[in-house]
Amino acid sequence: MTSNSANDTQWEDLKAHWQELGDLGGIGSLLGWDQSTYLPAGASAGRSRQQSLLSRVAHARATDAGYGRLLDAAQGRTDLSPVQTRMVEVARKNFEEATRFPADFVAAWSQHGGDSYSTWTTARPANNFERMVPYLEKSRDFSLQAASYFPEFSDPMDYFIDQSDEGMTADQVGDVFSQLREALVPLADAVIGASTPRTDFMGRHYDSATQLKFGESVIRDYGYDFGRGRQDLTHHPFMTRLGGQDVRITTRVKENDPTEALYSTLHESGHAMYEQGILEDYLDTPIGGGVSSGVHESQSRLWENQVGRSRAFWAAYFGKFRDAFPEQLAGVSEDEMHRAVNTVARSLIRTDADELTYNLHVITRYELERQLLGGGLAVRDLNDAWHAAYEQNLGLHAPSDVDGALQDVHWYFGSIGGAFQGYTLGNVLSAQFYAAAENANPGLEGDVARADFSRLHGWLKENVYAPGKLYKPAELVERATGQAMTVEPYLKYLRGKYGTLYGVS
């Protein structure tokens with residue numbers, strides 16, 4: 001930049017506005033984090049009002065005419081660095097999108113989302129899908145209205161996919177899903193038909209506090225910074241950024257399944273390390289966050305699966321795990337633990353699914369979303385459609401709404417559409433990023449076996465985390481891996497791993 005004082009003042013004003021928008025977003029995240037962790041049940045209505053008010057204030061600041069003039073002036077400058085130019089480009093996109101939404105619509109949608117989530121937290125344990133039908137109908141209506149403000153997207157699903165995975169379309173997502181279904185269904189069938197690992201020790205009693213302590217010790221080794229974060233319990237695990245240096249995670253515990261908390265913790269730490277690794281200079285600017293849901297999910301799945309379910313991981317941690325639970329793991333070998341955490345079976349719960357069947361859960365939800373938004377499925381029929389889809393895709397029928405259409409929180413935050421494809425895109429990208437990291441750092445498996453994650457974390461920080469949104473998703477993937485997104489590394493990883501474990505090809 002030049003030293004022109006007017007220009008410098010103008011840029012400082014722009015940075016101050018971005019800081020304010022970031023702070024408002026962080027306050028909103030704090031309200032949401034509290035709602036999902038510690039909020040008393042009787043306070044839910046008041047919290048929804050607070051969220052609605054905050055969304056109105058944040059929308060007003062995001063669409064402020066003075067802010068628009070600052071962006072106009074910045075776009076006309078020729079003295080900005082490439083990073084500054086990208087900041088303005090992303091800010092302009094955000095500004096133009098925000099200005100299409102009426103303030104009253106934003107406030108009403110936000111309040112509905114809070115009300116819907118609060119109701120879900122009681123409807124789910126009560127196994128009462130019917131209670132959520134009117135909320136889901138409003139969520140669908142709000143979602144369709146939101147998409148209608150963007151007529152350049154002829155398919156509402158294209159709008160929602162672009163919001164979370166910029167540059168992707170429903171047709172492209174469908175193509176990825178088709179390739180995966182064709183390759184993974186026969187592989188999963190072959191593995192399920194092979195030998196079954198020993199898993200009896202998984203159902204024993206594992207103390208909650210000890211589980212949490214063990215999981216936290218692992219992610220400290222991974223590189224999650226507890227000086228800038230913390231872990232708490234919730235209904236449905238998530239990661240959230242409450243401020244530039246405040247990135248929190250949540251998990252949930254089952255005392256008769258030690259993998260629930262462990263792998264939720266590893267998963268969310270992957271999201272959090274991504275956010276903690278973004279360059280500090282980018283924080284509280286338009287590029288100070290993860291670039292897409294698919295890239296974000298790639299990091300959670302990489303640390304959960306490529307690392308956390310690997311043979312090398314259990315070489316490093318089985319002794320410590322057995323020391324934490326000596327009675328439960330008496331007579332259990334390291335190899336048996338590794339095989340147990342890689343059991344393949346058709347199951348009802350997405351978050352508990354193995355790597356081979358997981359994407360079928362995602363595809364099921366994605367296809368139901370498309371039908372809901374396209375008018376081919378009425379909300380009141382969603383539960384029946386869910387059961388039919390699970391019968392077709394996984395050969396299973398949920399015994400309850402809890403294990404059916406109520407299991408995922410995503411549709412109960414007030415929006416339907418674009419919530420699930422990122423999980424499968426993340427699976428695909430996790431293998432692609434890991435393969436690139438391994439190519440640049442030969443011997444990563446030996447590092448993991450020694451609980452040394454410095455080279456892996458360092459490569460990911462440099463190539464994936466630090467840039468934030470400096471590049472568009474497709475560009476970041478190509479710069480980091482040398483090629484566009486492809487399913488081949490993912491299929492190679494799965495075929496190699498499960499072929500070895502189960503003796504199938």
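What you see is a predicted model, and the numbers here were worked out from it, not measured in a lab.
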With ring pair (Phe, Tyr, Trp, His ring centres under 6.0 Å) as the criterion, how do Tyr135 and Trp120 come out once you've worked through the C-alpha distance, each side chain's angles and the decisive distance to 0.1 Å? CA-CA 9 Å; Tyr135 290 93; Trp120 174 78; over 10 Å; no
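- Between the side chains of Arg47 and Gln111, no donor N or O sits under 3.5 Å from an acceptor N or O.
- How far OG of Ser110 is from CG of Leu53: 9.5 Å, rounded to the nearest 0.5 Å.
- Between Tyr222 and His457 the shortest heavy-atom distance is O-ND1, 3.0 Å.
- Residues Asp401 and Asn383 have side chains that bring a donor and an acceptor to within less than 3.5 angstrom of each other.
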Using the rule given for side-chain contact (heavy atoms from CB on, under 4.5 Å), can you reason through Glu369 versus Arg365, listing the C-alpha separation, both sets of side-chain angles and the distance that settles it, and then say yes or no? CA-CA 6 Å; Glu369 281 190 332; Arg365 288 154 176 76; 5.6 Å; no
Hey, mind stepping through Gln407 and Trp386 against side-chain contact (heavy atoms from CB on, under 4.5 Å) and telling me if it holds? CA-CA 11 Å; Gln407 72 170 269; Trp386 179 286; 3.5 Å; yes
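- For Asn128 (side chain) and Arg131 (main-chain N/O), a donor-acceptor pair under 3.5 Å exists by modelled atom type.
- The nearest pair of heavy atoms linking Ile278 to Arg241 is CD1-NH2, 4.1 Å.
- A donor-acceptor contact under 3.5 angstrom links the side chains of Asp354 and Thr357, judged on distance only.
- Checked against a 6.0 Å centroid threshold, the rings of Trp33 and Phe238 do not count as neighbours.
- Using modelled atom types, no side-chain atom of Glu367 and backbone atom of Ala389 make a donor-acceptor pair closer than 3.5 Å.
- A salt bridge links Arg61 to Asp64: at least one charged side-chain nitrogen sits closer than 4.0 Å to a carboxylate oxygen.
- Annotation for Tyr490 and Leu184: closest pair CE2-CD1, 4.3 Å, computed over non-hydrogen atoms.
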Go through Val90 and Phe95 one step at a time and tell me if the side-chain contact (heavy atoms from CB on, under 4.5 Å) criterion holds. CA-CA 9 Å; Val90 175; Phe95 176 79; over 6 Å; no
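- Under the 3.5 Å distance criterion, the side-chain polar atoms of Ser178 are left unmatched by any main-chain donor or acceptor of Gly174.
- Note on Asp284 versus Lys15: no salt bridge recorded, every NZ/NE/NH1/NH2 to OD/OE distance being 4.0 Å or above.
- Looking at Asn463, its side chain does come within 3.5 Å of a backbone N or O of Trp459 through a donor-acceptor pair.
- Between the side chains of Ser36 and His235, no donor-acceptor pair is found at a separation under 3.5 Å.
- At least one donor-acceptor pair closer than 3.5 Å links the side chain of Asp162 to the backbone N or O of Gly167.
- A donor-acceptor contact closer than 3.5 angstrom links the side chains of Tyr465 and Gln299.
- Judged purely by distance below 3.5 Å, without hydrogens or angles, the side chains of Trp18 and Tyr67 pair a donor atom with an acceptor atom.
- With hydrogens and angles ignored, the 3.5 Å screen pairs no side-chain donor or acceptor of Ser52 with any backbone N or O of Arg49.
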When you look at Thr351 and Arg252, which way does the side-chain hydrogen bond (donor to acceptor under 3.5 Å, both in side chains) test go after all the steps? CA-CA 11 Å; Thr351 54; Arg252 63 186 176 197; 2.9 Å; yes
In sequence, state the C-alpha distance, the side-chain angles, and the governing distance for Glu97 and Lys93, and then conclude on salt bridge (charged side-chain N to carboxylate O under 4.0 Å, His left out). CA-CA 6 Å; Glu97 289 178 352; Lys93 181 177 185 289; 2.8 Å; yes
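- For the residue pair Gln145 and Tyr149, a side-chain donor N or O sits within less than 3.5 Å of a side-chain acceptor on the partner.
- Enclosure of atom CZ in Arg100 by more than 12 non-hydrogen atoms of other residues, nucleotides or ligands within 6.0 angstrom is indicated.
- Because its NZ or CZ atom is not both nearer than 6.0 Å to the ring centre of Tyr471 and within 45° of the ring axis, Arg86 does not count as a cation-pi partner of that residue.
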Between His112 and Phe142, is the ring pair (Phe, Tyr, Trp, His ring centres under 6.0 Å) condition met? List the steps. CA-CA 9 Å; His112 165 68; Phe142 271 118; 5.4 Å; yes
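- Between His59 and Phe101, the gap from one ring centroid to the other reaches at least 6.0 Å.
- Ser300 places no side-chain N or O within 3.5 Å of a backbone atom of Glu268 that could act as its donor or acceptor partner.
- For the pair Gln35 and Ser118, the tightest heavy-atom approach, listed with the atom from each and the gap, is NE2-OG, 3.1 Å.
- A donor-acceptor distance shorter than 3.5 angstrom exists from the side chain of Gln84 to the backbone of Ser81, with no hydrogens or angles considered.
- For Ser269 (side chain) and Leu266 (main-chain N/O), a donor-acceptor pair under 3.5 Å exists by modelled atom type.
- Checked against the 6.0 Å centroid criterion, the rings of Tyr390 and His361 qualify as a close aromatic pair.
- The pair Glu137-Arg140 does not meet the salt-bridge criterion, since no charged nitrogen lies less than 4.0 angstrom from a carboxylate oxygen.
- Across all non-hydrogen atoms, the minimal contact from Gln432 to Thr481 is NE2-OG1, 3.0 Å.
- When every heavy atom of Ser164 is checked against every heavy atom of Gln421, the shortest pair comes out as OG-NE2, 3.1 Å.
- For Thr265 and Gln231, the side-chain atoms include at least one donor-acceptor pair closer than 3.5 Å.
- Note that Arg350 lies outside the cation-pi zone of Tyr358, set by a 6.0 Å cut-off to the ring centre and a 45° limit from the axis.
- Judged by distance alone, with hydrogens and angles left aside, the side-chain atoms of Thr169 form no donor-acceptor pair with the main-chain N or O of Asp158 at under 3.5 Å.
- Between the side chains of Asp232 and Thr37, no donor N or O sits under 3.5 Å from an acceptor N or O.
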Could you walk me through whether Asn359 and Thr424 pass the side-chain hydrogen bond (donor to acceptor under 3.5 Å, both in side chains) test, one step at a time? CA-CA 6 Å; Asn359 295 300; Thr424 287; 2.8 Å; yes
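- A donor atom on one side chain and an acceptor atom on the other are found under 3.5 Å apart for Ser48 and Asp115.
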Show, in sequence, the C-alpha distance, side-chain angles and deciding distance for Phe420 and Trp411, and conclude whether the ring pair (Phe, Tyr, Trp, His ring centres under 6.0 Å) test is met. CA-CA 10 Å; Phe420 288 103; Trp411 292 333; 5.7 Å; yes
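- Summarising the local packing, CD of Glu152 is surrounded by more than 12 heavy atoms from other residues, nucleotides or ligands at distances under 6.0 Å.
- Checked against a 6.0 Å centroid threshold, the rings of Tyr366 and Tyr423 do not count as neighbours.
- Atom CD of Glu182 has 12 or fewer heavy atoms from other residues, nucleotides or ligands within 6.0 Å.
- Side-chain atoms of Arg77 and Thr85 include no donor-acceptor pair closer than 3.5 Å.
- Between Asp155 and Arg370 there is a salt bridge, since a side-chain N of the basic residue sits under 4.0 Å from a carboxylate O of the acidic one.
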Begin from the C-alpha positions of Glu297 and His267 and carry the test side-chain hydrogen bond (donor to acceptor under 3.5 Å, both in side chains) through to its verdict. CA-CA 9 Å; Glu297 191 67 16; His267 181 101; 3.3 Å; yes
With ring pair (Phe, Tyr, Trp, His ring centres under 6.0 Å) as the criterion, how do Tyr117 and Tyr412 come out once you've worked through the C-alpha distance, each side chain's angles and the decisive distance to 0.1 Å? CA-CA 5 Å; Tyr117 174 79; Tyr412 303 103; 9.3 Å; no
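- Ion pairing between a basic and an acidic side chain is recognised when a charged N comes within 4.0 Å of a carboxylate O; Asp225 and Arg228 show such pairing.
- Side-chain atoms of Glu275 and His296 include a donor-acceptor pair closer than 3.5 Å.
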